[in-house]
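The block underneath contains the structure these notes are about, expressed in structure tokens.
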Amino acid sequence: MANFRLFQGSDPTRIAEADSVAVIGLGRFGSALALELMAKGTEVLGIDADEDTVQGLNGMLTHVVRADSTKEESLRQLAVPEFDCVVVAIGSDIEASILTTSLLLRFNIPQIWAKAVSDPHGAILEQLGVEHVIYPEKDMGRRVAHLVRGAMQDYIDIGDNFALVKTKPPSIVVGKPLRETTIRARYGITISAYKRGDSPWTYTTMDTVLEADDTVLVAGQAAQAEAFSQLR
Ligand code: ATP
């Protein structure tokens with residue numbers, strides 16, 4: 001008999017059939033991810049080996065279970081092989097992360113996401129065949145570095161050297177229609193949307209006239225988007 005305790009009664013096979021995600025490892029990253037998925041309407045099976053962690057999330061996820069995810073029998077009893085999407089959010093226990101991920105690969109789960117705490121950890125996960133290896137600390141560190149360097153309010157690396165930047169409009173684009181600013185030709189970026197006061201975000205047109213207090217969303221090659229956001 002597998003060693004696990006299921007909170008909240010109902011059958012985990014049922015949620016495997018719904019649009020649902022299993023999150024294994026409910027530390028800071030895994031629990032934040034699981035709670036955000038719940039907030040967006042996704043059913044979540046949360047699994048953690050630690051009793052207190054599981055108790056702390058009781059009632060906040062569709063199911064939360066204490067189990068050792070390195071045990072194949074435990075995962076099978078929790079219907080984990082039936083899930084289309086599983087996230088392994090175990091970090092510092094690299095052995096547990098790798099053993100768990102190998103089982104999921106053997107189950108042929110279509111979408112496996114696994115957190116890596118270091119480059120070698122990530123390399124092993126990639127070599128095993130995990131398609132989505134995530135580096136939350138490294139990615140957040142890089143993102144914050146961009147914010148700390150400049151006037152950006154937010155920075156999202158889309159990949160392939162493309163970025164979205166939330167920033168204040170520099171004076172060269174204020175007070176005249178965007179078509180007259182020639183910013184795309186001069187700076188290689190596009191201002192895709194803007195927000196004024198309490199109004200919602202609005203797509204820009206060539207006729208949009210920005211004000212100095214607006215907030216804008218700039219899209220472009222990472223270096224160009226960043227350079228544009230440094231203009232005053
Ligand atoms: P975070 O930064 O997200 O808090 P971390 O990288 O420090 O996480 P760990 O301490 O390795 O992460 O693990 C995160 C969670 O995974 C912990 O709550 C831990 O109990 C759980 N965990 C570790 N090993 C197993 C396992 N074999 N089965 C199930 N859960 C596990």
Side-chain angles (χ1 to χ4, degrees), residues 1-8 10-13 15-16 20-40 42-109 111-145 147 157:
M1 180 67 189
N3 175 26
F4 69 81
R5 249 179 84 192
L6 179 64
F7 284 78
Q8 287 176 261
S10 48
D11 177 6
T13 51
I15 73 162
S20 56
V21 176
V23 179
I24 301 176
L26 299 168
R28 287 162 300 180
F29 175 74
S31 59
L33 173 84
L35 290 169
E36 188 63 18
L37 287 168
M38 289 294 292
K40 295 286 175 282
T42 300
E43 300 217 40
V44 176
L45 168 64
I47 299 171
D48 199 286
D50 181 65
E51 178 83 28
D52 290 342
T53 302
V54 168
Q55 295 259 16
L57 286 164
N58 189 22
M60 297 161 87
L61 307 181
T62 316
H63 299 283
V64 55
V65 185
R66 185 176 70 76
D68 179 353
S69 61
T70 63
K71 302 274 186 291
E72 179 170 352
E73 195 194 345
S74 300
L75 295 184
R76 287 198 183 279
Q77 292 202 13
L78 292 169
V80 170
E82 315 303 321
F83 278 76
D84 286 338
C85 182
V86 181
V87 182
V88 182
I90 301 171
S92 36
D93 187 345
I94 292 179
E95 188 179 332
S97 154
I98 291 168
L99 285 172
T100 303
T101 308
S102 312
L103 287 171
L104 299 177
L105 286 162
R106 205 181 318 149
F107 295 157
N108 286 320
I109 307 270
Q111 269 202 69
I112 302 171
W113 296 74
K115 166 181 139 165
V117 290
S118 64
D119 288 340
H121 183 194
I124 292 170
L125 292 170
E126 278 167 26
Q127 276 165 24
L128 281 174
V130 178
E131 201 176 335
H132 307 286
V133 178
I134 36 182
Y135 301 83
E137 277 148 14
K138 191 167 143 186
D139 289 351
M140 186 51 85
R142 284 167 56 181
R143 185 166 166 202
V144 172
L147 303 183
D157 187 341

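Atoms within a ligand are numbered from 1 in the order they appear, just like the ligands themselves.
- For ligand 1, the polar-atom distance check against Lys115 finds a nitrogen or oxygen pair separated by under 3.5 Å.
- Some N or O of Ser92 is nearer than 3.5 Å to an N or O of ligand 1, by distance alone.
- Residue Gly91 places at least one N or O, backbone or side chain, under 3.5 Å from an N or O of ligand 1.
- Panel note: side chain Ser97, backbone Asp93; no donor-acceptor pair is recorded below 3.5 Å.
- Taking both residues in full, the closest heavy atoms of Leu104 and Val88 are given as CD1-CG2, 3.4 Å, listed atom of the first, atom of the second, then distance.
- Of all the heavy atoms in Ala67 and Leu78, the pair that sits closest is CB-CD1, 3.9 Å.
- In this structure, of Asp68, Val117, Leu57, Val88, the residue bringing a heavy atom nearest to atom 27 (N) of ligand 1 is Asp68.
- The two residues Thr53 and Leu26 have their closest heavy-atom pair at CG2-O, 3.3 Å.
- Atom numbering of ligand 1 starts at 1 in the shown order; those under 4.0 Å from a heavy atom of Ala96 are 24 (N), 27 (N).
- Taking 4.0 Å as the cut-off, Ser97 does not count as a neighbour of ligand 1 on heavy-atom distance.
- Taking every non-hydrogen atom of Ser69 and a distance limit under 4.0 Å, the qualifying atoms of ligand 1 come out as 26 (C), 27 (N), 28 (N), 29 (C).
- Taking distance alone, with nitrogen or oxygen atoms compared against 3.5 Å, Ala49 approaches ligand 1 more closely than that limit.
- No option in Thr100, Thr101, Asp48 other than Thr100 meets the side-chain hydrogen bond (donor to acceptor under 3.5 Å, both in side chains) test with Ser69.
- Near Asp50, meaning under 4.0 Å from one of its heavy atoms, ligand 1 places the atoms 20 (O).
- At the top of the distance list for atom 16 (O) of ligand 1, counting protein heavy atoms only, stands Gly25 CA, 3.3 Å.
- Of the protein's non-hydrogen atoms, the one nearest atom 18 (O) of ligand 1 is Asp48 OD2, 2.6 Å.
- The protein heavy-atom contact nearest to atom 25 (C) of ligand 1 is Ile90 CD1, 3.6 Å.
- The heavy-atom pair separating Ile90 from Gly25 by the smallest distance is CG1-CA, 4.0 Å.
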As a quick check of understanding, evaluate side-chain contact (heavy atoms from CB on, under 4.5 Å) for Leu99 and Leu103, giving each step before the final call. CA-CA 6 Å; Leu99 285 172; Leu103 287 171; 5.8 Å; no
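- Contact annotation: for Ala67 versus ligand 1, heavy atoms closer than 4.0 Å belong to the backbone alone.
- For atom 3 (O) of ligand 1, the nearest non-hydrogen atom of the protein is Phe29 N, 2.7 Å.
- Distance from atom 2 (O) of ligand 1 to its nearest protein heavy atom, with residue and atom name: Arg28 NH2, 2.9 Å.
- Below 3.5 Å of separation, one finds no N or O of Thr100 facing any N or O of ligand 1.
- Per-residue contacts place Thr70 under 4.0 angstrom from the following atoms of ligand 1 (heavy atoms of the residue considered): 27 (N).
- With a 6.0 Å radius and a threshold of 12 heavy atoms from other residues, nucleotides or ligands, Glu126 has its CD atom above the threshold.
- Shortest non-hydrogen contact noted between Leu125 and Ala114 is CD1-CB, 3.9 Å.
- Across all their heavy atoms, His121 and Lys115 have their closest contact at CE1-O, 3.4 Å.
- Listed by atom number, the atoms of ligand 1 under 4.0 Å from Asp93 heavy atoms are 11 (O).
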Given the rule in the side-chain contact (heavy atoms from CB on, under 4.5 Å) test, do Leu35 and Leu61 qualify, once you have shown the distances and angles that lead to the verdict? CA-CA 7 Å; Leu35 290 169; Leu61 307 181; 4.0 Å; yes
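- Backbone and side-chain nitrogen or oxygen atoms of Ala89 are examined, and none is located within less than 3.5 angstrom of a nitrogen or oxygen of ligand 1.
- Thr42 places no side-chain N or O within 3.5 Å of a backbone atom of Met38 that could act as its donor or acceptor partner.
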